[in-house]
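Only one structure is covered here, and it is reproduced in the block below.
Counting starts at 1 for both ligands and their atoms, in listed order. Computed from heavy atoms alone, side chains included, the values below leave out hydrogens, waters and symmetry copies.
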Amino acid sequence: MNTERSPQLVFLVGFMGAGKTSVGQALSRRLGWKFEDLDDRIQTREAQTIEHIFRMAGEAAFRIAEREAVRELLAEVAASPRVVALGGGAFANPETASLLQGAGFPTVFLDAPVEELWRRCCEQAFERPLRQDLDQFAELYHRRYPHYLRAALRVETGGKAIETIATEVANVLDLG
Ligand code: S3P
């Protein structure tokens, strides 16, 4: 692993359905670190649901709120070691990605075949504003893919159990 600082903060990157939240929770239990979902921070800061922000203010406003949440989180870094699940579009947004990369903490891209990502999302009870049909979902995934590849590390999650993925992430981070 090649990062400028010893990781007190790890960012999980990837598309909708990549398992950023469930793997992040498993990884944080394993490391004894806190877990944070960036979408939760956005909702708290904005006092609105993600869906409401998209519906009332649109994606551009959401991306600004997302970036401000990243900025706030990075300013709190000393507080406690943390595993952070980013929303699926955060690392695909060049300004937010450069904030994250500039902070020097490891970023791990959780990947899976797009059909599996779609299936996982379909099994979840909540809706996502940017998930419509499989064609749209796959097109967005492919458009974002080159951005995700800029993460420092990549872990393939297809067909794997959450705990197995968390172990692999800990290992690639030299935290296993
Ligand atoms: C988004 C993914 C969501 C959430 C928002 C936008 C995206 O997070 O941030 O709906 O642009 O892909 P998850 O990846 O956790 O679903």
Please classify the [X] to ligand 1 contact at 4.0 Å (heavy-atom distances, strictly less than): side chain, backbone, both or neither.
X	result
R144	side chain
M16	both
E59	neither

salt_bridge([X], [Y]) N-O dist < 4.0 Å:
X	Y	value
E163	R29	yes
R143	E139	yes
R63	E66	yes

inquiry  = For Y148 and Y141: C-alpha separation, side-chain torsions, deciding distance, then whether ring pair (Phe, Tyr, Trp, His ring centres under 6.0 Å) applies.
reply    = CA-CA 10 Å; Y148 296 145; Y141 168 81; 7.0 Å; no
task = Please lay out, stage by stage, how F11 and L38 fare under the test side chain to side chain contact (heavy atoms under 4.5 Å, CB included).
result = CA-CA 10 Å; F11 290 103; L38 188 76; over 6 Å; no
query = Counting from 1, what ligand 1 atoms have a heavy atom of K20 closer than 4.0 Å?
reply =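 What qualifies from ligand 1 is 13 (P), 14 (O), 15 (O).
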task = State the atoms of ligand 1, each with its element, that fall below the 4.0 Å cut-off from a heavy-atom position in L130.
result =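 The list of qualifying atoms is 7 (C), 11 (O).
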task = Consider every N or O of G88 and every N or O of ligand 1, then say whether any pair is closer than 3.5 Å.
result =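 Such a contact does occur with ligand 1.
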ask   = Does an N or O anywhere in R63 fall below 3.5 Å from an N or O of ligand 1?
value = yes
Distance-only side-chain donor-acceptor flag, T107 / R150, under 3.5 Å =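 Not at all, the side chains of T107 and R150 share no donor-acceptor pair under 3.5 Å.
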Which heavy atom of the protein is the closest neighbour of [atom], given with residue, atom name and distance?
atom	value
atom 5 (C) of ligand 1	I50 CG2, 3.8 Å
atom 16 (O) of ligand 1	R128 NE, 2.5 Å
atom 3 (C) of ligand 1	D39 OD2, 3.6 Å

task = State, yes or no, whether a side-chain contact exists between W33 and L9 at a heavy-atom distance under 4.5 Å.
result =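 Not in contact.
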message = Counting only heavy atoms, tell me which of A90, G17, G89, P129 gets closest to atom 7 (C) of ligand 1.
response =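 Ranked by closest heavy atom to atom 7 (C) of ligand 1, first place is G89.
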query = CZ of R131 to CZ of F15: how many Å apart, nearest 0.5 Å?
reply = 10.0 Å
